[in-house]
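Structure first, then comments.
Order of the sequence lines fixes the chain letters, A, B, ..., with proteins taken first and strands second; residue numbering starts at 1 for each chain.
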Amino acid sequence: MHGNRRRLSTMRELLVALTAVLLTLPAQAGLFNPKTHTLANGLEIVVVEDHRAPVVSHMVHYRTGAADDFPGKSGIAHFLEHLMFKGTPTVPSGEFSRIVARNGGQENALTGHDMTAYFQNVASDRLELVMRLEADRMANLQLTPADVDLERQVILEERRSRVDNDPGSQFGEMMRATQFLNHPYGRPVIGWEHEMRALSLEDALAFHRRYYAPNNAILLVAGDVTLKQVVALAETYYGPIPRRDVPARVRAQEPRQLAPRRVVLSDPRVAHPSLRRTYLAPRRNSEDSSQAAALRVFATVLGGGTVSRLYQELVVRQKIALSAGAFYDAVSLDPSLFGIYATPASGHTPEELEQAIDRVLQDVLRDGLDLEEIERAKAGMVASVVYARDSIFRAPRVLGDAMTAGLSVDDVETWPDLVSAVTSEQVLAAGRAVLDPRRSVTGYLLPES
Amino acid sequence: MRYLAILLFLLLPAAASANDVERVQTPGGLTAWLVREPSIPVIAIEFSFRGGSALDPAERKGVANMLSVLLDEGAGDLDSLEFQKRLQEQAIHIGFDAGRDHFFGSLRTLSQNREEAFALLRLALTEPRFDPDPVARMRAQLRTRLRRSENDPGAIASRAWFRRAFGDHPYAEPSIGTDESLEAIDANDLRDYMRRVFARDGLVIGAVGDITPDDLAAALDRIFGDLPKNGAASAVPEAELQLAGGSLEVIEFDVPQSRIVFGGPGIRRNDPDWYAAYVMNYILGGGTLTSRLGLEVRERRGLAYGVSSYLMPLNHAGLYMGSVGTQNSRVAETVEVIRTEIVRLRDDGVTAEELADAKTYLNGSFPLHLTSSGAIAGILAAMQREDLGIDYLQRRPELIDAVTQDDVRRVARRLLNPQEMFTIVVGRPTDLPSGG
């Protein structure tokens, strides 16, 4: 047999590998090495220089999302995202996308619970153009009733294709709404259908007025550009937009959750059952990020792929599941979710599977996790961080999502170090704290019997 | 405006890697195309063997696809768990995929873990274990995935369209196979497929990242060197599309939004009119917000969230396809709007401005695809598969730019014929004339 097969099965070797990976990170310390600046009107600017190709990604993240939807008007943040393409006094409705395309650019927008982002990927000499366009619609959006009516049809079709046509998505909506008793994270980003139908032009402009101010936005540019160039352009195009008072983002918080809840959705379109459980979980907090890092490691060890506890135990050894995994969303402005999901193997019921999952969790809480599996998970997580640098356009999204979730640029940069520093005691403590049944929802998605 | 667009195009910088593609010949006789990029410590390799699910035996549909999920489930002395552990702890990504005409593989590794990564890839390709447990596990996962797709309206539409169009031809079935064939496939079938397809004469390789040509050559000889030189000759016949002449078929399925797939004869990648067709398709339905279909279906009428058309060149057939989803009460209207736009482009061609804008987009946006190691490696492999030449990245802008309005008109008359297309609707359409 040819080839060099190092065997990395000992702890020491794993730690050596981990250290080696950290030393491999590019000469300047940190993940993206962003440079920052703030304009007088409050617009924050983040630039990640990457001169491998003459292209840039230009992105604006607004510090607002679906969790800020007006009560009774779910989906307005997402609707506004669509309507931002519908014109200003100088750019007719629909022209925004065509201008970008005519300049060889690709563009899109997206809405989350805590953010709304608009981006264009273009040749570096088109940065000024897209900045002018983006600043224009930040300041000067104008809408007609006809455009609003048409686009309302479009978002309803979007909801139909993403949710109504897919019982798995419908199940996810019901789970989320049940997990969050009070917080608007329980509402779908796209909105509830009956409220979407009633969203008006006035609602959209009111949301725009309330949240789309330069002091409530972050400009992120990555690629073949320097901070100096970006700041100069930003001064020209975003600079003149006056700051406005933006209300602090205060969402209705969760009360103490005292009871585990259950969701069962049966639908004839479900070919094969599945099971999902979520727990309310702490979000990553700038002041003490070690818990979030520990919880991420816990999620990876428990269910982050085919070597994880859940997969090996339920899928490989017991053969009671076809798939199994766990996840944890650390990046969130308010409390977030830790989750477990699994699909029962044929001949096994979701009830059996749930009991088997609970046994795995009990074993972990009682006996702890192996040092080896923790260090292996950490090594993999830290190594994969280097891949984030490989894709030129990744940085604005990662940084923008983090910043709109209350984290700083430094928080993003120091994440790999945080993960490396996590101890097994911390991992277990974080797991113990989150696996509180009272703060959980367990759901079954079933075929119609 | 037209002039300005052309001027802007000329000012666009050439793709950074256009001049940087090196042909690497290994001592063992393999060829790879390499773009060196030492600034990020990552190596990406994308490769493929000529073959794909079209080479599945008739009674064993799904072999190629099942193979693609089992190669990393244990190889050599490493059982499934050991193999996966090695991948995880060093963040090595090895993956495989079975298309209709090719069997794809990819590897991504930090450059410092390259030796382990290459060794694991070699094992996967030459000594997969196909232990009973992983085979049973993957079989069960695939059967469930298949069952789930049979309840997905988009997948139902697509599968029905291909079955109608291709009849007995291997292209009729999706790569995943059928429930019966998945039950029957065993390790012998998997090994037999490998013997026929994993051969050096059908192999193309693209590599990007922190590796020198010499190191790459040595690695590739280690990884692929033990494979046989020649694979089995391809037995896939040219396909005769069974067109259903302008017809529309409804498959009743309880969803609020009907999924619609339409299509007909298309064009092969090596057709002299390929670039004209590519430009024409961009104008007709290539970009949701910037195409004629996007404008008429979504923007002006609010009929859909997604609508698009695309060329699908296969080795033994050329297809021209499109899809859209709309609420059940507006299916007829949507189908009619799309048909009208197809006929309008065929009859009237495209304007000079549309043509110029399309070229600016297609040329200007191309470098945006060259922004990660894996993406570039994939393009290098695709260029070799389609015999586009090592200087393709430099020549591509000229090829696009050379397309004239007459070229577009000619290829539109060739491809945009509703009487040679047919449509599958999956849903509960309420506004179609009775009889579908």
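Between B/E89 and B/K85 there is no salt bridge, since no side-chain N of the basic residue sits under 4.0 Å from a carboxylate O of the acidic one. Using a cutoff of 4.0 Å between basic side-chain nitrogens and carboxylate oxygens, B/R143 and B/E183 are scored as salt-bridged. The existence of a salt bridge linking B/R259 and B/D152 is excluded, since no basic side-chain nitrogen approaches an acidic carboxylate oxygen closer than 4.0 Å. Electrostatic pairing of B/E353 and A/R102 does not count as a salt bridge here, judged by no charged N lying under 4.0 Å from a carboxylate O. Ionic pairing of B/E299 and A/R98 is present here: one or more N-O contacts between side-chain nitrogen and carboxylate oxygen are shorter than 4.0 angstrom. A salt bridge links B/R122 and B/E127; the closest N-O separation between the charged side-chain nitrogens and carboxylate oxygens is under 4.0 Å.
The part of A/P268 that comes within reach of chain B is its backbone (N, CA, C, O), which places non-hydrogen atoms under 4.5 angstrom from that chain. Of the two parts of B/F118, neither the backbone nor the side chain holds a non-hydrogen atom closer than 4.5 Å to a non-hydrogen atom of chain A. There is no contact between A/P447 and chain B, counting heavy-atom distances below 4.5 Å. For a residue to count as touching a neighbouring chain, one of its non-hydrogen atoms must lie under 4.5 Å from one of that chain's; by this rule B/D254 touches chain A with the backbone only. Contacts between A/R159 and chain B at a heavy-atom distance below 4.5 Å are absent for every atom of the residue. Contact annotation for B/L303: only backbone heavy atoms (N, CA, C, O) come within less than 4.5 Å of a heavy atom of chain A. The contact between B/R108 and chain A is made by backbone and side chain atoms together, counting heavy-atom distances below 4.5 Å. When heavy atoms are compared at a cutoff of 4.5 Å, A/T343 approaches chain B solely by way of its side chain, counted from C-beta outward. For chain B, the nearby part of A/S346 is the side chain; its heavy atoms alone come within less than 4.5 Å. Using a 4.5 Å cut-off between heavy atoms, B/E37 touches chain A through its side chain atoms alone. Proximity to chain B (any heavy atom under 4.5 Å) is restricted, for A/Y311, to the side chain, taken from C-beta onward. Proximity to chain A is limited to the backbone of B/A304, based on heavy atoms less than 4.5 angstrom apart. Interface residue B/R301: only backbone heavy atoms are found under 4.5 Å from chain A. Only the backbone of A/V122 comes within contact range of chain B, with at least one heavy atom under 4.5 Å from a heavy atom of that chain. In this structure, the portions of B/P256 lying under 4.5 Å from any heavy atom of chain A include both its backbone and its side chain. Heavy-atom distances place both the backbone and the side chain of A/V154 under 4.5 Å from chain B.
Most heavy-atom pairs under 4.5 Å with chain B: of the set A/Q312, A/Q153, A/R394, A/R160, this distinction falls to A/R160. Per-residue heavy-atom pair counts under 4.5 Å with chain A were compared for B/H93, B/R137, B/Q84, and the maximum is reached by B/R137. In terms of non-hydrogen atom pairs under 4.5 Å with chain A, the most contact-rich of B/L295, B/I92, B/T109, B/L362 is B/T109. No other option in A/E158, A/K319, A/H82 has as many heavy-atom pairs under 4.5 Å with chain B as A/E158. Listed options A/S391, A/A101, A/A345 were ranked by heavy-atom pairs under 4.5 angstrom with chain B; first place goes to A/A101. Ranked by heavy-atom pairs under 4.5 Å with chain A, the list B/T290, B/L368, B/N151, B/L289 is led by B/L368. Contacts with chain A were tallied for B/R148, B/R147, B/E150; B/R148 has the most, counting heavy-atom pairs under 4.5 Å.
A donor-acceptor pair under 3.5 Å is formed between the side chain of A/S308 and the backbone N or O of A/G305. Of the possible polar contacts, one joining the B/D79 side chain to the B/L81 backbone as a donor-acceptor pair under 3.5 Å is found. Of the possible donor and acceptor atoms, none in the side chain of A/E95 sits under 3.5 Å from a partner among the backbone N and O of A/G87. At distances below 3.5 Å, at least one donor-acceptor pair connects side-chain atoms of A/Y387 with backbone N or O atoms of B/A91.
In this pair, B/Y282 and B/Y361 present their aromatic rings parallel. The plane angle is below 30°, not in the 30 to 60° band.
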Start with the C-alpha gap between A/R376 and A/E372, add the side-chain angles, then the distance that decides, and say whether salt bridge (Lys or Arg N to Asp or Glu O under 4.0 Å) holds. CA-CA 6 Å; A/R376 191 178 345 104; A/E372 189 202 325; 3.4 Å; yes
Derivation and outcome, salt bridge (Lys or Arg N to Asp or Glu O under 4.0 Å), residues B/D72 and B/R86: CA-CA 11 Å; B/D72 63 349; B/R86 303 289 175 92; over 6 Å; no
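From B/T126, atom OG1 reaches atom CD1 of B/I223 across 10.0 Å, with rounding to the nearest 0.5 Å.
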